[in-house]
A.B. asks: 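Here's a structure for you.
As the structure is a prediction and not an experimental result, all values here were calculated from the model.
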Amino acid sequence: MSGSSDKPRRWESLRKKVIGLGEESIRKSYYSELQKRLRELQESETRFRAIYNSVNDVIIVHDPITSEILDANQRMFDVLGYTHDEVVGLYPGNLSSGEEPYTQDHAIELMKAAISGEFQTFEWHMRHKSGQLFWMEWNFRLAEIGGKERLLAVGRDITVRKQVEEERRSLEQSLEEQKRRFYRQTILSVTEGKLEICDAEDVKPYIHSALASLDVYEAVDVSNARHKVEYIIRSYGLDEESLHPLIVAVGEVITNAFKHALYGRVYVGRTDNEVWVAVADHGPGIESLVLPSAVLRRGFSTKPSLGMGYSIMLDACDRILLKTGSDGTTVVLIKNMVQRVPKLSEIPDTWETIPASV
């Protein structure tokens, strides 16, 4: 009957465990394990914070719904100048320059795109606590922190990189301008002042004062435009001897525009002393490195069987203006109107105007 005599003892042992008495207490047996787990969590949190605050990138934790800043690492304070208490509760717009598009509204658009799964890496104009503006590169990513979804903004200061890029662009632009000036002066000299490399402002007067204009969209338009230009210029009274080579040159310019840009617009006009034809396109332009050869070397071609025809133009015209760049090319062919030579009978006898001597 030992079973019945042991029953009270088992109940007593269970009672002590439940109420926490004696060495067999459930509370005592789990207390050390609980303390161990708490220590591990604290150590894990400490390690996380150490890593979180030691990385070189700025890390900002946002509420993905409101965009409010919930936390940030030490690097953020170093870069932006705010303390932890100052930055918590702020919004992206408070840290931005505020100049379009670097505003709160645009920041929210980028956040929404990141939340929807679109990877975001972008440059942003920031404002330091002191008011100084600088550049950072950011990317957004979703993360679960403490069982809640958060949006992490990870960024780095790229101000120095932006300065270097700007200096490089400025240097390249300066070198390009010097190169164009050299080519301009050289080409003008070699062509005895007939061919001038110019800017958009120099060709605008010819475009705006045109008396007629034609579009070239298809290959058949090249020939049609050439014939129409010939008809117009003939009506202006240009002599036949000058007309034919000029029309050949016009054909070269129109063909170049169509082949290089697949579209060209032809302008025709005149003054009392000259007639002119301008052809404008929106092609890639003539690169500076090939510009001298393109306009001076006979038969030069940037592609097989694609001659530029500038030697023909130089022979046919009295002046040529060439504006070329990434936004396209405009060529203006100018031909002086030949002044009519008076007949011998029309020349006054100067002797008759001299008074007789007394």
A.B. asks: Can you confirm whether more than 12 heavy atoms, excluding those of Glu172, are under 6.0 Å from its CD atom?
C.D. replies: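 Yes.
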A.B. asks: Under 6.0 Å between the ring centres of Tyr217 and Phe258?
C.D. replies: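 They do not qualify: ring centres at least 6.0 Å apart.
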A.B. asks: Step through the shown structure and confirm whether more than 12 heavy atoms of other residues, nucleotides or ligands are within 6.0 Å of CZ on Arg156.
C.D. replies: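 For Arg156, atom CZ is not crowded (no more than 12 foreign heavy atoms under 6.0 Å).
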A.B. asks: Testing Asp221, Asp281, Asp215 one by one against Tyr263 for a side chain to side chain donor-acceptor pair (under 3.5 Å), which residue passes?
C.D. replies: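 The residue from Asp221, Asp281, Asp215 that satisfies side chain to side chain donor-acceptor pair (under 3.5 Å) with Tyr263 turns out to be Asp215.
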A.B. asks: Considering all heavy atoms of both residues, which atom of Lys194 and which atom of Asp318 are nearest to each other, and what is their separation?
C.D. replies: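 For Lys194 and Asp318, the tightest heavy-atom pair comes out as CG-O, 3.6 Å.
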A.B. asks: Would you say the side chains of Thr159 and Asp157 form a donor-acceptor pair under 3.5 Å?
C.D. replies: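 Their side chains do contain a donor-acceptor pair, which is all the 3.5 Å distance test asks for.
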A.B. asks: Return the OG to CD1 distance between Ser242 and Ile247, rounded to the nearest 0.5 Å.
C.D. replies: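 Answer for the OG-CD1 pair, Ser242 versus Ile247, is 11.0 Å.
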A.B. asks: Is it the case that the side chain of Ser116 and the backbone of Ala113 share a donor-acceptor pair, with hydrogens and angles ignored and the cut-off at 3.5 Å?
C.D. replies: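 Such a contact is found between Ser116 side chain and Ala113 backbone.
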A.B. asks: Of all the heavy-atom pairs spanning Phe140 and Ala107, show the shortest one and how long it is.
C.D. replies: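 Heavy-atom minimum between the residues: CE1-O, 4.5 Å.
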A.B. asks: Would you be so kind as to tabulate the donor-acceptor pairs closer than 3.5 Å made by side chains of residues 223-230, with sequence neighbours excluded?
C.D. replies:
residue, atom, partner, partner atom, Å
Asn224, ND2, Val220, O, 3.3
Glu230, OE2, Arg234, NH2, 3.4

A.B. asks: Using the rule that two of Ile, Leu, Val, Met, Phe, Trp, Tyr join whenever any of their side-chain heavy atoms come within less than 4.5 Å, decide whether Val250 and Leu211 are in one cluster.
C.D. replies: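 Same hydrophobic cluster.
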A.B. asks: In terms of relative ring orientation, are Trp135 and His125 parallel, tilted or perpendicular, with 30° and 60° separating the classes?
C.D. replies: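 It falls in the parallel class, under 30°.
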A.B. asks: Cut-off 3.5 Å, side chains only: do Thr83 and Glu86 have a donor facing an acceptor?
C.D. replies: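 Yes - a donor-acceptor pair under 3.5 Å links their side chains.
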A.B. asks: May I ask you to check whether over 12 heavy atoms, not counting those of His244, lie within 6.0 Å of atom NE2?
C.D. replies: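 No, NE2 of His244 has 12 or fewer neighbouring heavy atoms, counting only those of other groups under 6.0 Å.
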A.B. asks: Got a sec, which residues hit ring pair (Phe, Tyr, Trp, His ring centres under 6.0 Å) with Tyr82, two or more places apart in sequence or on another chain?
C.D. replies: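 For Tyr82 there are no ring pair (Phe, Tyr, Trp, His ring centres under 6.0 Å) partners, ignoring immediate neighbours.
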A.B. asks: Evaluate whether atom NZ of Lys112 has more than 12 neighbouring non-hydrogen atoms of other residues, nucleotides or ligands under 6.0 angstrom away.
C.D. replies: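 Open.
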A.B. asks: If only side-chain N and O atoms count, and only distance matters, is there a donor-acceptor pair under 3.5 Å linking Gln178 with Ser174?
C.D. replies: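 The criterion, which ignores hydrogens and geometry beyond distance, is satisfied for Gln178 and Ser174.
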A.B. asks: Does any N or O in the side chain of Ser209 come within less than 3.5 Å of the main-chain N or O of Pro205, such that one atom is a donor and the other an acceptor?
C.D. replies: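 The answer is yes, because a donor-acceptor pair under 3.5 Å joins these two groups.
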A.B. asks: Ignoring hydrogens and geometry, is there a side-chain-to-backbone donor-acceptor pair from Asp315 to Ile312 under 3.5 Å?
C.D. replies: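 A pair under 3.5 Å: no.
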A.B. asks: Taking the side chain from Asn336 and the backbone from Arg319, do they hold a donor-acceptor pair closer than 3.5 Å?
C.D. replies: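 A pair under 3.5 Å: no.
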A.B. asks: Answer yes if the side chains of Ser96 and Arg127 hold a donor-acceptor pair under 3.5 Å, and no otherwise.
C.D. replies: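 Short answer, no.
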A.B. asks: With clusters defined by side-chain heavy atoms of hydrophobic residues (ILVMFWY) lying less than 4.5 Å apart, directly or transitively, does Ile233 cluster with Val266?
C.D. replies: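 Yes, Val266 connects to Ile233 through the hydrophobic network.
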A.B. asks: Is there a chain of hydrophobic side chains (I, L, V, M, F, W, Y, each step under 4.5 Å between heavy atoms) that links Leu195 to Ile334?
C.D. replies: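 Leu195 and Ile334: separate clusters.
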A.B. asks: When the side chains of residues 61-70 are checked against the rest of the protein, which donor-acceptor pairs come out under 3.5 Å, sequence neighbours left out?
C.D. replies:
residue, atom, partner, partner atom, Å
His62, ND1, Ser67, O, 3.0
Asp63, OD1, Ile65, N, 2.8
Asp63, OD1, Thr66, N, 3.3
Thr66, OG1, Glu68, N, 3.2
Ser67, OG, Gln104, NE2, 3.2

A.B. asks: Tell me yes or no: between the side chains of Glu252 and Asn256, is some donor less than 3.5 Å from an acceptor?
C.D. replies: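 Distance-only check fails for Glu252 and Asn256.
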A.B. asks: Cluster question for you: counting only ILVMFWY and a side-chain heavy-atom cut-off of under 4.5 Å, with indirect links fine, are Tyr236 and Leu214 together?
C.D. replies: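 Tyr236 and Leu214: one cluster.
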A.B. asks: Are Val87 and Ile60 linked, directly or through intermediate hydrophobic residues, by side-chain heavy-atom contacts shorter than 4.5 Å (ILVMFWY only)?
C.D. replies: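 Ile60 clusters together with Val87.
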A.B. asks: Could you check whether Trp138 and Thr121, counting side-chain N and O atoms only, form a donor-acceptor pair closer than 3.5 Å?
C.D. replies: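 Their side chains do not contain a donor-acceptor pair, so the 3.5 Å distance test is not met.
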